[in-house]
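A short write-up of the structure that comes next.
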Amino acid sequence: MKPSSEQSRLGRVIENDRLMIGGDISNLIEFDLKNLLNNYFNLSGDVKLSVTAMKDCYLIPVSAPASGIKPFGVIK
């Protein structure tokens, strides 16, 4: 049985609500990413991310300014 347009719309609304990342969760993910990226780069600012629902996947761009890459001998 093919879903009706109302069912499809409801599915999209539910999915979009699920994607609404609250400030606390967003801050936690950014904190974790900053800790990870600090192992490889000399970060010079905050890590930022966003989550966008695509047709069949999620797009999660991450950005963070860095003043340099750490030498491989320093990576922990």
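Atom set for the values below is all heavy atoms of this structure, side chains included, hydrogens, waters and symmetry mates excluded.
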Taking all atoms of both residues into account, what is the closest heavy-atom pair of Val51 and Leu49, and its distance? CG2-CD1, 4.1 Å
Who pairs with Lys48 by side-chain contact (heavy atoms from CB on, under 4.5 Å), at least two apart in sequence or on another chain? Glu30, Asp46, Ser63
Residues passing the side-chain contact (heavy atoms from CB on, under 4.5 Å) test with Asp32, sequence neighbours excluded, are Leu28
Is there a donor-acceptor pair closer than 3.5 Å between any side-chain N or O of Ser67 and the backbone N or O of Ser44? no
CD1 on Ile29 to CD1 on Ile60, rounded to 0.5 Å: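 It comes to 8.0 Å.
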Is there a path of hydrophobic side-chain contacts, each under 4.5 Å between heavy atoms of I, L, V, M, F, W or Y residues, that connects Phe31 with Leu43? no
More than 12 non-hydrogen atoms from neighbouring residues, nucleotides or ligands closer than 6.0 Å to CD1 on Ile69, yes or no?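 Check fails, neighbour count at 12 or below.
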